[in-house]
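Side-chain atoms are counted along with the backbone in the values below, which use heavy atoms only and exclude waters and symmetry mates. Small disclaimer: the values here were computed from a predicted structure and weren't measured.
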Amino acid sequence: MGWFDFLKKPDFNEGLETYKNTKDAVLLDVRTPEEFSEGRVPGSRNLPLQEMGKIEQLIKDKAVPVFVYCLSGARSRVASVQLQQMGYAKVTNLGGISNYRGKLPVYFKSRS
């Protein structure tokens, strides 16, 4: 490892391919619900960083591989550390969705 390797950002798209090829993996978006509704990676589940304490309601098995992303990579880095501290053994920080090369479906909430 070189002196500046810690500055390298994860390659979002490579990480996403790994997620797709990992059995039973969960793709976790830690952005706000508003950001999530504006566009997300297909198949991802939303749990905002500030609600990380509720993760066991979403992912009960701590052995399940979890791939985490946000907008720029900062929140996903924090969430990855928190998940590991909570005992989740297979956590991968994908970084920021801003580096995603696919289409982002938009999901609108009904106004009823």
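K90 and A63 make their closest contact through CD-O, 3.4 Å (heavy atoms, listed as atom of the first residue, atom of the second, distance). Heavy atoms only, all atoms of each residue included: G43 and Y19 are closest at O-OH, 4.0 Å. Smallest separation of non-hydrogen atoms from P42 and L27: O-CD2, 4.2 Å. Contact between V30 and A79 at its shortest, heavy atoms only, is CG1-CB, 3.8 Å. Of all heavy-atom pairs between G95 and S76, the closest is O-OG, 3.5 Å. A25 and F67 make their closest contact through CB-CE1, 3.8 Å (heavy atoms, listed as atom of the first residue, atom of the second, distance).
Among V68, V64, I55, the one residue that satisfies the side-chain contact (heavy atoms from CB on, under 4.5 Å) test with V26 is V64.
Contact check for L83 versus L28: side-chain heavy atoms found under the 4.5 Å cut-off. Under the 4.5 Å side-chain criterion, counting only non-hydrogen atoms from C-beta, Y69 is in contact with R31. Annotation: side chain of Y100 is in contact with side chain of V41 (closest heavy-atom distance under 4.5 Å). A 4.5 Å side-chain heavy-atom check between L49 and C70 finds every atom pair outside the cut-off. By the 4.5 Å heavy-atom criterion applied to side chains, E14 and E17 are not counted as neighbours.
Interatomic distance, NZ of K54 versus CD of E51, reported as 4.0 Å (0.5 Å rounding). Atom CG of L94 sits about 9.5 Å away from atom CG of D11, to the nearest 0.5 Å. With rounding to the nearest 0.5 angstrom, the CD1 atom of I97 is 7.0 Å from the OG atom of S44.
Looking at residues two or more places apart in sequence or on another chain, you find a side chain to side chain contact (heavy atoms under 4.5 Å, CB included) between V81 and Q85. In this structure, T92 has no side-chain hydrogen bond (donor to acceptor under 3.5 Å, both in side chains) partners at least two apart in sequence or on a different chain.
At least one donor-acceptor pair under 3.5 Å links the side chain of N13 to the backbone N or O of N99. N93 places no side-chain N or O within donor-acceptor distance of the main-chain N or O of S80, the cut-off being under 3.5 Å. A donor-acceptor pair under 3.5 Å links the side-chain atoms of Y88 to the main chain of I59, judged by distance alone. Between the side chain of S98 and the backbone N or O of L71 there is at least one donor-acceptor pair closer than 3.5 Å. Remark: the backbone N or O of T18 is paired with a side-chain donor or acceptor of T22 at under 3.5 angstrom.
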- Message: With side chain to side chain contact (heavy atoms under 4.5 Å, CB included) as the criterion, how do M86 and M52 come out once you've worked through the C-alpha distance, each side chain's angles and the decisive distance to 0.1 Å?
- Response: CA-CA 10 Å; M86 292 176 187; M52 198 53 54; 3.9 Å; yes
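By the 6.0 Å contact criterion, NZ on K62 is enclosed, its count of non-hydrogen atoms from other residues, nucleotides or ligands being greater than 12.
Judged as a salt bridge (charged side-chain N to carboxylate O under 4.0 Å, His left out), the pairs with a partner in residues 63-84 (not counting sequence neighbours) are, in order, E35-R75.
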